[in-house]
Amino acid sequence: MAMISTYCPHFNGLRRSSPKLDSSQSQSFLQHINSQLRLASSRKPCRAVTAMAGSGKFFVGGNWKCNGTKDSITKLVSDLNSTKLETDVDVVVSPPFVYLDQVTASLTGRIEVSAQNSWIGKGGAFTGEISVEQLKDIGCKWVILGHSERRHIIGEDDQFIGKKAAYALNEGLGVIACIGELLEEREAGKTFDVCFQQLKAFADVVPSWDNIVIAYEPVWAIGTGKVATPQQAQEVHVAVRDWLKKNVSEEVASKTRIIYGGSVNGSNCAELAKQEDIDGFLVGGASLKGPEFATIVNSVTSKKVAA
Ligand code: PGA
């Protein structure tokens, strides 16, 4: 311990960069860093630092779901184009398929566009489906997969979702991979089991983790106004990061963004963002209002401890 106490964490914008360590040193080093970060928020630091356990950039996605008309989307895009967004955040919005082209053509390049679903393979005779190639053709950079509404309303299972994720990643789309437990699963003490199983279904098939953002979205919190407490969210995010560390690699655990979704709004985002393992948000209802979505994007500032 005496040896590691000489380490001083370096902060590079929002990213915490750490010296290269061998695996015997790295575990205790990370524990040390985490305790330093916790201390950093309780005493006056000498410069701006970030309470961020992962090394990835803050990420906020707006999931518009099956909402909007040409007119309302024109207004939303114009609000987003004129709003001020912090630079240290990756921002993505996910319109319904039929408006993707309208949005990609009119939205500022500062914000990337995501689809809400994609097919498991190349396009062809699959009525009603949209292929990854078509999404890329119109400038889409991301796709949301494994969302609870597709799992529990449409009936998609882990294997099917895994196929979609593998295909999308292999073709160069980023994947927002959603996981999360039902209320009865939480009440039965199965939250971690459910999340780990859904995570494993992704881990078993994806070619790499470079282009994946994990969205932890407890199903009981989605669209209900019943947001998880910062502690409830942080607890699962730590467990997910730990699972990645044990089952994928330490590097992937550190660099993969783990974002929270479920009734995030302009009033609760700052407290959630302060949690070390919350690397951003996936926002439904509140992403349909430009100024409120901007507030959520800009909650990254609450991660910064004033100098
Ligand atoms: P919500 O939806 O913010 O409306 O709860 C989140 C989501 O489903 O991604």
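When a ligand or atom number is given, it counts from 1 through the structure's own listing order.
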(message) What I want to find out is whether Lys255 reaches Asp210 closely enough, with some N-O distance under 4.0 Å, to be called a salt bridge.
(response)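 Salt bridge between Lys255 and Asp210, a charged N being under 4.0 Å from a carboxylate O: yes.
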
May I ask you to check whether [X] and [Y] show a side-chain donor-acceptor distance below 3.5 Å?
X	Y	answer
Thr74	Gln102	yes
Trp220	Glu184	no
Asn298	Lys84	no

Geometric N/O contact [X] with ligand 1, under 3.5 angstrom:
X	result
Glu217	yes
Ala286	no
Gly285	yes
Gly262	no

Proximal ligand 1 atoms for [X], defined as those under 4.0 Å from one of its heavy atoms:
X	result
His147	7 (C), 8 (O), 9 (O)
Ala221	5 (O)
Asn63	9 (O)
Gly223	1 (P), 4 (O), 5 (O)

(request) To the nearest 0.5 angstrom, please state how far the SG atom of Cys195 sits from the OH atom of Tyr216. (result)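 Rounded to the nearest 0.5 Å, the SG-OH separation comes to 5.0 Å.
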
(message) So, taking the atom named CG in Leu80 and the one named CD1 in Ile111, what distance separates them when rounded to the nearest 0.5 Å?
(response)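 With rounding to 0.5 Å, CG (Leu80) is 4.5 Å from CD1 (Ile111).
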
(request) Scan Arg241, Lys57, Arg257 and name whichever one has a salt bridge (charged side-chain N to carboxylate O under 4.0 Å, His left out) with Asp279. (result)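 Of Arg241, Lys57, Arg257, salt bridge (charged side-chain N to carboxylate O under 4.0 Å, His left out) with Asp279 is met by Arg241 alone.
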
(request) Would you kindly specify which portion of Ala215 sits under 4.0 Å from ligand 1, judged on non-hydrogen atoms: side chain, backbone, both or neither? (result)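 The answer is neither; Ala215 stays 4.0 Å or more away.
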
(request) Please report which non-hydrogen protein atom sits nearest to atom 3 (O) of ligand 1, along with the residue it belongs to and the distance in Å to one decimal place. (result)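 Here the closest protein heavy atom is Gly284 N, 2.8 Å.
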
